[in-house]
Asks: 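First the structure, which I've put down as structure tokens, then a few questions once you've had a look.
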Number of protein chains: 2
Amino acid sequence: MTIKEIAKLAGVSQATVSKIINNYDDVGAKTKERVLGIMEEHGYRPSYAAQSLVKKVTKVVGVIYAGKINANFNHPFFVDVMSMFKKTMGAEGYDLLFFSNEKFHKNNENYLARCQHYNVDGCIIIGGDEVEPSVYELDQSEIPCIGIDLPLSGKHSGYIMTDNAKISALAVEHFYLLGERNIAFIGGKKTSNISTERLHGFKEVMKTYGLPVKEDWIKHGDFFEESGFIAMNELLEQEECPEAVFAASDLMAMGAVRAIKESGRKIEDFAVIGCDDITASRYIDPPLTTVKQDKDKIGKMAAYVLKDMINNQIEQTSVRVEPELIIRESCSEKKRQLR
Amino acid sequence: MTIKEIAKLAGVSQATVSKIINNYDDVGAKTKERVLGIMEEHGYRPSYAAQSLVKKVTKVVGVIYAGKINANFNHPFFVDVMSMFKKTMGAEGYDLLFFSNEKFHKNNENYLARCQHYNVDGCIIIGGDEVEPSVYELDQSEIPCIGIDLPLSGKHSGYIMTDNAKISALAVEHFYLLGERNIAFIGGKKTSNISTERLHGFKEVMKTYGLPVKEDWIKHGDFFEESGFIAMNELLEQEECPEAVFAASDLMAMGAVRAIKESGRKIEDFAVIGCDDITASRYIDPPLTTVKQDKDKIGKMAAYVLKDMINNQIEQTSVRVEPELIIRESCSEKKRQLR
DNA sequence: CTGAAAGCGCTTACAG
DNA sequence: CTGAAAGCGCTTACAG
């Protein structure tokens, strides 16, 4: 079904049908009504390709998982953010194009070319570690971009991320109030932005409370469970072993808990705080105290900011979202009294 | 950058450039090389819209989360399936278009129109409960479709799902061998295909082993945690209370475990088996015995079958994937000996 | 081996 | 208020 057929059926020109589709106001009321009826009846919908070729607007937003690691489609943090993003953009009339084609360019990725190819209205970029240079080319282009956990600086870009320094502050403050003084930090890869910000925040707040920052008690994993397990084992082997551990992800915290248990030590003798508040953290033993990232807010914020940038309502907007401490048994007052 | 500009730069016609893009073999070797060089240099990529308008092929596959419930973007089972699907389709040169736009049609959803609008090469449909009729319209169309947990019957359709009867068989068999005789079943909504298949399988196998199927011990939740909690509480309140519970999802099994704990009973006195093997099931207390669905295989299989249907290599292909029993502490030999 | 030209399904000044 | 026509960036018979 094409616009031509609809026009013939209605006894009007293509131009008139087009004007009705695009809500021009210089069309006769009866004509409009009749044509609308015919369109409805035949379930007609203008072709994306033809429209996109002529207009600038496509109502499609590109989704990019950037970086080599830690930004997978099924990552427990990002998937919740994306879920809300999808929902919110959907309500605004957008569909989402996930870039997965690995044959797009033979050697190096070229995100800008890909966006131009599809003529997307805007882009959301999920930031992993070791982000490709091509991402910043896109960032600096005319195409509106919103970064998640990825600071973008382009004129038509913005980013949404949790206040990472605040995350560490909440964790250390909680430890401090429970009397913990020997605190270790397990971060992500050294190349990770997020991890670096959290480590930096950690060191700052430790100083604020006059607590010692021991380099031996700072470990780097990759945000996944196994790496937390390994890092904790290294900490346990040290002569002076910390009793409190702040891990920069729940998965690593879960790995740390497992390491403590498997070493034969009592988990009650350790205080562990994770980060993210993924679903699993509520169900593990002991339930994990964690610094929650407001995934819904991040996803929704990303959608609205991107939409407003696309419509030129705003430019260059970035938001730091407040984290929240969720106290469960892995590090709590109640537990402290048991020791 | 358009084909016209490339042609001018190379001193050839648009037609020649187009033939090179489309790998026609009637182009001079030197010409081809020169044009290729220029295209490379300028990072030129033909416009999706223009190509799609002329050709039939778009190298884009649509993704539909169908049904009102239980098929969300961040569903722990489907997200893993989709992750592998995305990866596999990506390696084959496809990008993925997720239908999220809620304004596409004012009242009723029309998936076929949407696919035609975007001119997608094929579609993957994730099946939830209470699937819209419009899905079956798409199913019966010319567009290749692959269903996940959704039996499709169209000439150009197929589906991939776990052998649900086998799932129940594995669970009941395991209970049987551990000496459990009082077995309850917690399923999803009655309108759920999957749940119905599992319940049916459950009843069949129970009969095979000569075990009693008590209607009071068959409960229906919605696959999420809270519903398992509620169902288990109902079971606990009964005069005769089952000691073994098979839940049709890990989340519901986790809810059941929570209900048992919060009721003040000892979790050691119950045997619980879940279904799916989501990530969290490994970390909860006690680690959950579950029937694993091979998510990677399902995702990969869906990708290859869909690709082959798109390329007319095959038609009407459906696969039942074998489940696997994963024994952990919530229901194991070791635990039985403790009782 | 190469290119001129029609056509894919739309939108948009422009003329009436 | 309505329509003829050019043009968006490609591909594909067809002629040479």
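Every heavy atom of this structure was used, including side-chain atoms; hydrogens, water molecules and symmetry mates were not. Chain naming here is simple, since letters A, B, ... match the order of the sequence lines and numbering starts at 1 in each.
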Asks: Report the secondary structure of DNA chain C in dot-bracket form, marking unpaired bases with a dot and bases paired to a different strand with |, and treating Watson-Crick or G-U pairs with both distances under 3.5 Å as paired.
Replies: |||.||||||||.|||
Asks: Anything under 30° is parallel, anything over 60° is perpendicular, the rest tilted; go ahead and classify B:H75 against B:F78.
Replies: tilted
Asks: Could you list the donor-acceptor pairs under 3.5 angstrom formed between side-chain atoms of residues 145-160 of chain A and any protein atom two or more places apart in sequence or on another chain?
Replies:
from: A:S153; atom 1: OG; to: A:Q140; atom 2: NE2; distance (Å): 3.0
from: A:S157; atom 1: OG; to: A:D139; atom 2: O; distance (Å): 2.9
from: A:S157; atom 1: OG; to: A:D139; atom 2: OD1; distance (Å): 2.7

Asks: What are the bounds, 5' to 3', of the part of DNA chain D that sits under 4.0 Å from heavy atoms of chain A?
Replies: D:dC1 to D:dG9
Asks: So, the side chain of B:S141 versus the backbone of B:L138: is there a donor-acceptor pair under 3.5 Å, distance only?
Replies: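 Answer holds: yes.
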Asks: If each of B:S47 and B:K19 is mapped to the nucleotide of DNA chain D with the nearest heavy atom, which maps nearer the 5' terminus, i.e. the 5' end?
Replies: B:S47
Asks: Both A:L53 and B:K32 contact DNA chain C. Which one's nearest nucleotide lies toward the 5' end?
Replies: B:K32
Asks: Would you call B:D25 and B:K19 a salt bridge, taking side-chain N to carboxylate O under 4.0 Å as the test?
Replies: no
Asks: Got a list of side-chain donor-acceptor pairs under 3.5 Å for residues 58-67 of chain A, not counting sequence neighbours?
Replies:
from: A:T58; atom 1: OG1; to: A:V60; atom 2: N; distance (Å): 3.3
from: A:T58; atom 1: OG1; to: A:N119; atom 2: O; distance (Å): 3.0
from: A:T58; atom 1: OG1; to: A:D121; atom 2: OD1; distance (Å): 3.1

Asks: How is B:T2 classified with respect to the nucleic acid when contacts are heavy atoms under 4.0 Å: base, sugar-phosphate, or nothing?
Replies: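 Touches sugar-phosphate only.
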Asks: Applying a 4.0 Å non-hydrogen cut-off, can you work out what B:Y48 is touching in the nucleic acid: base, sugar-phosphate, or nothing?
Replies: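 No contact at all - B:Y48 keeps every heavy atom at 4.0 Å or more from the nucleic acid.
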Asks: Does any N or O in the side chain of B:D222 come within less than 3.5 Å of the main-chain N or O of B:K189, such that one atom is a donor and the other an acceptor?
Replies: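 Judged by distance alone, no pair lies under 3.5 Å.
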Asks: Nearest-nucleotide wise, let me know which of B:A50 and B:A29 is further upstream toward the 5' end of DNA chain C.
Replies: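 Residue closer to the 5' terminus by nearest nucleotide: B:A29.
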Asks: Only counting residues at least two apart or in another chain, list the ones meeting side chain to side chain donor-acceptor pair (under 3.5 Å) with A:Q51.
Replies: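 If we apply the side chain to side chain donor-acceptor pair (under 3.5 Å) test to A:Q51, skipping adjacent residues, there are no hits.
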Asks: Hey, which of these two, A:V12 or A:V54, hits DNA chain D nearer its 5' end, going by closest nucleotide?
Replies: A:V12
Asks: How is B:T31 classified with respect to the nucleic acid when contacts are heavy atoms under 4.0 Å: base, sugar-phosphate, or nothing?
Replies: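 Sugar-phosphate only.
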Asks: According to the side-chain hydrogen bond (donor to acceptor under 3.5 Å, both in side chains) rule, which pairs have a member within residues 295-307 of chain A, sequence neighbours left out?
Replies: A:E92-A:K307
